[in-house]
K.L.:
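Dropping a structure here in structure tokens format, bear with me for questions.
It should be emphasised that the depicted structure is a prediction, and the values quoted were computed from it without experimental measurement. Nothing fancy with the numbering, it's 1 onward along the sequence. Every heavy atom of this structure was used, including side-chain atoms; hydrogens, water molecules and symmetry mates were not.
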Amino acid sequence: MGYQRIEVKPIAGALGAEIEGADLKGRLDNTTMDEIHRAFLDYSVIFFRGQKLDPGQQLAFARRFGPIDRHPIAKGMDDHPDVVRVVREPGERFNFGRMWHMDGTFIETPPLGTMLVAEEVPPYGSDTMWASMYLAYDALSDGLKKTLQGMRAYHSSGSPGRFEALYKGMKARTDAVPTEIAHPVVRTHPETGRKCLFLNNSFTTRFEDMTVEESRPLLDYLFRHCVRPEFTCRFRWTEGTLALWDNRCTQHEAISDYFPDRPELFNARRVMHRVTIAGDRPA
């Protein structure tokens, strides 16, 4: 089925598409919104350039996909507590989200999706990559699919106290507490019906009813498998770009390529406004 109200331009064979023909500042009609939602499901991560939404406009667009869910660790903006200001200060070595991960898998109902608006970006570098967990699952052997079906794995937040030490420009919530929960290793997407892997190197610690040591060989294999290059796309940010990804079926990584011998990049500031859309319990 084609698109009539928007233009969809895929950026890679695996996932990802730029969307043109929609003004996100205005009130999108239902037909246009339906096409945007279909592109979101078809490509798993979608991008809109030249939007420059303020926090209120970003929240209004995010709510078209579902209720808003606050980040369990990062503190939101004072005037918009549902919006996290993601800041990488000049001279910092790492971005927030610098390792492959799925957002918030250490809570009972991980996010449906995450939305970023680029407020300030370096002149180059600082890209973000996404990986399709649909393709990662599809590429497994029938034997491994059978093994993983019905297995569950624990996801842990780690200590919230490390957050501010890692990211100078951000604050942790005062009520943040360590959390751990088990989710299915293979989940069925509630809207598309497709199966996908649901685990990640940042938060998944062990399989249910197994020790960390026993779990490690298979987890390490799956972590490497999930981010094979052919399952990924890479996106270069420009100011005013909005990205929205389906957290139920993708992993992502904010690339930290800030090297001192590139001062125009190393000394640049990166600021994103982040909103999380509430999800359901994986099944």
Side-chain angles (χ1 to χ4, degrees), residues 3-8 15-87 96-97 101-119 128 130 170-171 173 175-176 187 189-192 235 237 239-250 252 271-283:
Y3 297 92
Q4 305 301 317
R5 299 293 186 93
I6 58 175
E7 186 174 1
V8 179
L15 74 170
E18 291 197 32
I19 309 298
E20 296 181 355
D23 179 8
L24 305 185
K25 299 185 187 72
R27 177 69 180 177
L28 294 169
D29 63 82
N30 289 337
T31 302
T32 301
M33 190 63 213
D34 287 346
E35 291 198 357
I36 291 172
H37 185 257
R38 180 153 54 88
F40 171 66
L41 296 179
D42 287 347
Y43 293 95
S44 300
V45 54
I46 53 177
F47 309 96
F48 303 80
R49 293 195 186 271
Q51 298 291 330
K52 295 188 176 180
L53 275 64
D54 63 34
Q57 293 167 331
Q58 182 181 358
L59 284 167
F61 181 49
R63 289 190 179 102
R64 300 293 294 272
F65 293 86
I68 304 304
D69 196 10
R70 292 185 183 176
H71 194 283
I73 297 176
K75 183 179 182 295
M77 301 168 67
D78 290 341
D79 51 347
H80 291 282
D82 291 327
V83 181
V84 173
R85 189 170 169 84
V86 178
V87 181
F96 178 68
H101 66 288
M102 306 172 90
D103 291 326
T105 58
F106 47 82
I107 63 175
E108 182 177 0
T109 55
L112 175 157
T114 303
M115 181 181 292
L116 281 185
V117 171
E119 292 291 308
T128 301
W130 283 265
M170 302 178 66
K171 298 292 184 183
R173 287 173 48 168
D175 59 348
R187 75 174 295 181
H189 194 288
E191 294 187 82
T192 67
F235 185 75
W237 295 94
E239 289 185 9
T241 297
L242 181 146
L244 170 65
W245 61 90
D246 193 331
N247 191 62
R248 300 165 292 189
C249 60
T250 65
H252 61 283
V271 181
M272 305 280 184
H273 286 176
R274 183 186 189 280
V275 171
T276 304
I277 302 162
D280 56 5
R281 185 154 194 170

K.L.:
Does any part of the side chain of His71, heavy atoms only, come nearer than 4.5 Å to the side chain of Val275, both counted from C-beta?
P.N.:
no

K.L.:
Apply the test side chain to side chain contact (heavy atoms under 4.5 Å, CB included) to residues Leu242 and Phe48: give CA-CA distance (whole Å), side-chain angles for both, the deciding distance (0.1 Å), then the verdict.
P.N.:
CA-CA 5 Å; Leu242 181 146; Phe48 303 80; 3.7 Å; yes

K.L.:
Would you say that Met272 contacts Trp237 through its side chain, given a criterion of any heavy-atom pair below 4.5 Å between the two side chains?
P.N.:
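They are in side-chain contact.
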
K.L.:
Just how far is it from atom SG of Cys249 to atom CD of Glu191, taken to the nearest 0.5 Å?
P.N.:
9.5 Å

K.L.:
Please say which of Leu112, Asp69, Asn247 ends up in a side-chain contact (heavy atoms from CB on, under 4.5 Å) with Asp103.
P.N.:
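So, applying the side-chain contact (heavy atoms from CB on, under 4.5 Å) to Asp103 and each of Leu112, Asp69, Asn247, only Asn247 qualifies.
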
K.L.:
Checking side-chain contact (heavy atoms from CB on, under 4.5 Å) against Ile46, which of Ile6, Val8, Ile36 comes through?
P.N.:
Ile36

K.L.:
Are Arg248 and Pro282 packed together at the side-chain level, in the sense that at least one heavy-atom pair is separated by less than 4.5 angstrom?
P.N.:
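Not touching, per the 4.5 Å side-chain cut-off.
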
K.L.:
When you measure from the side chain of Thr250 to the backbone N and O of Asp246, does any donor-acceptor pair fall under 3.5 Å?
P.N.:
yes

K.L.:
Quick one: does any side-chain atom of Lys25 pair with a main-chain N or O of Leu53 as donor and acceptor, under 3.5 Å?
P.N.:
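The answer is no, because no donor-acceptor pair under 3.5 Å joins these two groups.
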
K.L.:
Walk me through whether Glu35 and Arg5 qualify under salt bridge (charged side-chain N to carboxylate O under 4.0 Å, His left out).
P.N.:
CA-CA 7 Å; Glu35 291 198 357; Arg5 299 293 186 93; 5.9 Å; no

K.L.:
Taking atom CG of Leu244 and atom OG1 of Thr114, what is their separation to the nearest 0.5 Å?
P.N.:
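Result: 8.0 Å between the selected atoms.
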
K.L.:
Looking just at side-chain N and O atoms, do Thr31 and Asp34 make a donor-acceptor pair shorter than 3.5 Å?
P.N.:
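The answer is no; no qualifying pair exists.
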
K.L.:
Measuring from Arg27:CZ to Met33:CE, what's the distance to the nearest 0.5 Å?
P.N.:
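The distance works out to 9.5 Å.
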
K.L.:
What I want to find out is whether Lys52 reaches Glu119 closely enough, with some N-O distance under 4.0 Å, to be called a salt bridge.
P.N.:
no

K.L.:
Given the rule in the side chain to side chain contact (heavy atoms under 4.5 Å, CB included) test, do Arg70 and Thr276 qualify, once you have shown the distances and angles that lead to the verdict?
P.N.:
CA-CA 6 Å; Arg70 292 185 183 176; Thr276 304; over 6 Å; no

K.L.:
Should Val83 and Arg274 count as side-chain neighbours, where that means a heavy-atom distance under 4.5 Å?
P.N.:
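No; the side chains remain at least 4.5 Å from each other.
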
K.L.:
Heavy atoms, side chains only, cut-off 4.5 Å: are Ile277 and Pro111 in contact?
P.N.:
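No, side chains not in contact.
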
K.L.:
Hey, are the side chains of Tyr43 and Leu15 touching, using non-hydrogen atoms and a 4.5 Å cut-off?
P.N.:
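Counting from C-beta outward, Tyr43 and Leu15 never come under 4.5 Å.
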
K.L.:
Could you tell me the separation between the NE2 atom of His189 and the OG atom of Ser44, rounded to the nearest 0.5 Å?
P.N.:
7.0 Å

K.L.:
Run Arg64 and Asn30 through side chain to side chain contact (heavy atoms under 4.5 Å, CB included) and show every step you take.
P.N.:
CA-CA 10 Å; Arg64 300 293 294 272; Asn30 289 337; 3.4 Å; yes

K.L.:
Aromatic contact between Phe47 and Trp245, with the criterion being ring centroids under 6.0 Å apart: yes or no?
P.N.:
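For Phe47 and Trp245, the ring centres are not under 6.0 Å apart.
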
K.L.:
Taking the side chain as C-beta and beyond, is there a heavy-atom pair between Val45 and Phe40 under 4.5 Å?
P.N.:
no

K.L.:
Would a distance-only check, ignoring hydrogens and angles, find a side-chain to backbone donor-acceptor pair under 3.5 Å from Gln51 to Leu24?
P.N.:
yes

K.L.:
Check whether any side-chain heavy atom of Asp82 lies under 4.5 Å from a side-chain heavy atom of Arg63, and answer yes or no.
P.N.:
yes

K.L.:
Can you measure from OG1 (Thr241) to CD (Glu18) and round to the nearest 0.5 angstrom?
P.N.:
7.5 Å

K.L.:
Can you measure from NE2 (His273) to CG (Asp54) and round to the nearest 0.5 angstrom?
P.N.:
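Rounded to the nearest 0.5 Å, the NE2-CG separation comes out at 9.5 Å.
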
